[in-house]
Amino acid sequence: MTTSTSGTDETAVASYAPSAEFAAQANAGADLYAAAENDRLGFWAEQARRLHWHTPFTEVLDWSDAPVAKWFADGELNVAYNCVDRHVLDGHGDQVAIHWEGEPGDSRDVTYSDLLADVSQAANTLTELGLASGDRVAIYMPMIPEAIVSMLACARLGLTHSVVFAGFSATALRSRIDDAEAKLVITTDGQWRRGKPAPIKDTVDEAVDGAAGSAFENAAASVEHVLVVKRTDSEVSWTDGRDLWWHETVAKASKTHEAQPFPAEHPLFILYTSGTTGKPKGIIHTSGGYLTQTSYTHHNVFDHKAGKDVYWCTADIGWVTGHSYIVYGPLSNRATQVVYEGTPNSPDEHRHWNVIEKYKVSIYYTSPTLVRTFMKWGKEIPEAHDLSSIRLLGSVGEPINPEAWRWFRDVVGGGTAPIVDTWWQTETGAIMISPLPGVTSTKPGSAMTPLPGICAKIVDDDAKPLGNGGNGYLVLDEPWPAMLRGIWGDMDRYKDTYWSRYAEEGWYFAGDGAKYDEDGALWVLGRVDDVMNVSGHRISTSEVESALVTHHSVAEAAVVGAADDTTGQGIVAFVILRAGEENTGDALIAELKAQVSKEISPIARPREISIVPELPKTRSGKIMRRLLRDVAEGRELGDVSTLVDPKVFEAIKKGR
Ligand code: WTA
């Protein structure tokens, strides 16, 4: 059903109201907004009571130590018990928790009873290794069930996990291990990449051993053990006493383990994300509030029905979306979900649609970049499949352009499936701004409205709240249960990054630009800081610049995110060589791209590198990234009046 409004502005477009049929069966009705508005903290207390509390809480929010919140602080719970044990105890042990699809075509179903046995075995093994509540564990694994089991085993024991995306380099892994002082790394022998095994254990060795030539040469890591799951049967090197096989330890441990309760504010995980400086921030999340909001949003935003829906979130557990909407949200709601190990074109571009057909996926949550990639591959591909099981679609990670939104709904959603465009961040822990699928009339490209219980504003530089038509900064003006509790080891940076911009008002500064259209729908416009968003991955310009200058030929580098039709933004770098270094053209550019892959990850590899004689700088020596973005996007240059030497651009353009 479509109701139209006229206008030429992209935001004055048709909106899509939920069908009466969908609305009638939806978990969330309009009354949810009213309930939250009436008594916000009472509303959150009610959501928290969807969980099992070993010790019920009496206090909802303690904001006296702002900006560090305490939610449900005197309550005690066990996160893993909530995600696994209670479903088995309720008689759902035989329900499939995970339909796992391996990249090479192997597959495995894991029921909730299986999951309980596996998590118990892993918890017993970690305890035997001497790990105790509060210790940190790094998880560096591909998308296999053992990765989820590892996270849940940590949660069960009160260990704080730090999942590091398995595409990150040894350097990136080591800096995260060091920052959190992890005692254990859980990994695999190798991982499947487009039909071939690729190394992982080697990367862990390189990181933990402080390999020669690395930034950590000879430095001892905090790591006492490396636990290795056999996945590809690859040859690996082995350090006796330190390295342990999963199949010789975990798989032989006792399958019973009693979960102990932990305080609601016990740290559950650290997850590193790019900030505006080169050093990634270890975002800290705790237990009770985080699980409350991930569970609540998964239930209401995805309209999830336990035992009926088959849910698939295509993220990787290395990112927050994987934490909140593969592990904690869905499992707390007793979801049956698909977990897929590989890329969407392995062995061919039909893979996702084959998986949807095979398991009758009903809820499909993915990124705009992937939707645009599917569009590029052609609609004949999804159209060759029966996708009629799909009843709801979700989008996350970056703004979704209206064209991709419509294609998604028409081609994948049969022209009827509601789309929830969900705005949130690693820091927010859970979805904050999104339609409710049975309530909201959605506009393609807009995240629409803050969820019930969430407060957001769009404000200008002077903290003046903007109304319809206003374009400014997105702030969150009340604390929320899943909010970060700080940056690991650096609480000053926490306060400075998020709370100093609107210190007087006490608002959280999200770092995104946003606007309200004339109907009051909220549009997130993208980052307003030096963070790029490439395929939904956050990468800071300074991280890539630091990686480039580690190359012996490079004197200085400037990096910008330029608009990209598929990936949202692409990384474009401008590099000045050291005196006496020869510009070998393509060969050097290839080397520099490889350097970034090696220092950070292939996801940070620049799309384009130009070797230029100079960079545009202001009189105070600041690189004018805005002007470089103009060059990268082929636009007329903006205001150049503050430049030391406006002619520098002639030379830069010649270098491209
Ligand atoms: C962007 C991912 C527009 C935004 C969950 C945010 C979005 C950053 C959306 C967080 C959306 C995420 N529409 N932009 N629906 N969702 N973003 O920490 O810039 O990896 O600040 O968390 O992604 O990225 P992060």
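Being a predicted model, the structure only gives us computed values, none of them experimental. Note that ligands are numbered from 1 as they come in the structure, with each ligand's atoms numbered from 1 the same way.
Put simply, OG on S274 and CZ on R538 are 7.0 Å apart, with the number rounded to the nearest 0.5 Å. Taking NE2 of H285 as the reference point, atom CG of L268 lies at 9.5 Å (rounded to 0.5 Å).
At the top of the distance list for atom 24 (O) of ligand 1, counting protein heavy atoms only, stands R538 CD, 3.2 Å. Counting only heavy atoms of the protein, atom 11 (C) of ligand 1 lies nearest to E398 O, 3.6 Å. Considering only non-hydrogen protein atoms, atom 23 (O) of ligand 1 sits nearest to G397 O, 3.2 Å. Protein heavy atom at the shortest distance from atom 10 (C) of ligand 1 is W424 O, 3.6 Å. Of the protein's non-hydrogen atoms, the one nearest atom 4 (C) of ligand 1 is D512 OD2, 3.1 Å. With hydrogens left out, the protein atom closest to atom 18 (O) of ligand 1 is T426 OG1, 2.6 Å, a heavy atom.
By the 30° and 60° cut-offs, the orientation of the rings of H537 relative to F165 is tilted. By the 30° and 60° cut-offs, the orientation of the rings of Y502 relative to Y473 is tilted. The aromatic rings of H304 and H298 sit tilted, their planes meeting at an angle between 30° and 60°.
Remark: R50 is not positioned above the aromatic ring of Y296, lacking an NZ or CZ atom under 6.0 angstrom from the ring centre and at most 45 degrees off the axis.
Using a 4.0 Å cut-off to heavy atoms of V524, the atoms of ligand 1 that qualify are 3 (C), 14 (N). Ligand-side atoms of ligand 1 in range of V396: 5 (C), range being under 4.0 angstrom from any heavy atom. Counting atoms of ligand 1 from 1 in the listed order, those under 4.0 Å from a heavy atom of V320 are 5 (C), 22 (O). Residue contact check: T321 has heavy atoms under 4.0 Å from atoms 5 (C) of ligand 1. Short contacts between ligand 1 and N533, defined as distances under 4.0 Å to a heavy atom of the residue, involve ligand atoms 1 (C), 23 (O).
The closest side-chain heavy-atom distance from V310 to Y364 is not below 4.5 Å. Side-chain contact between L393 and P418 is absent, with no heavy-atom pair separated by less than 4.5 Å. Contact annotation: the side chain of I433 approaches that of L474 to within less than 4.5 Å [non-hydrogen atoms, C-beta and beyond].
Distances shorter than 4.0 angstrom do not occur between any heavy atom of W319 and any atom of ligand 1. Put simply, part of P399 is less than 4.0 Å from ligand 1, judged by heavy atoms.
Within 6.0 Å of CD in E37 there are 12 or fewer heavy atoms belonging to other residues, nucleotides or ligands.
At a heavy-atom cutoff of 4.0 Å, ligand 1 is contacted by the backbone of T422 but not by its side chain. Contacts of Q425 with ligand 1, taken as heavy-atom pairs under 4.0 Å, involve both backbone and side chain.
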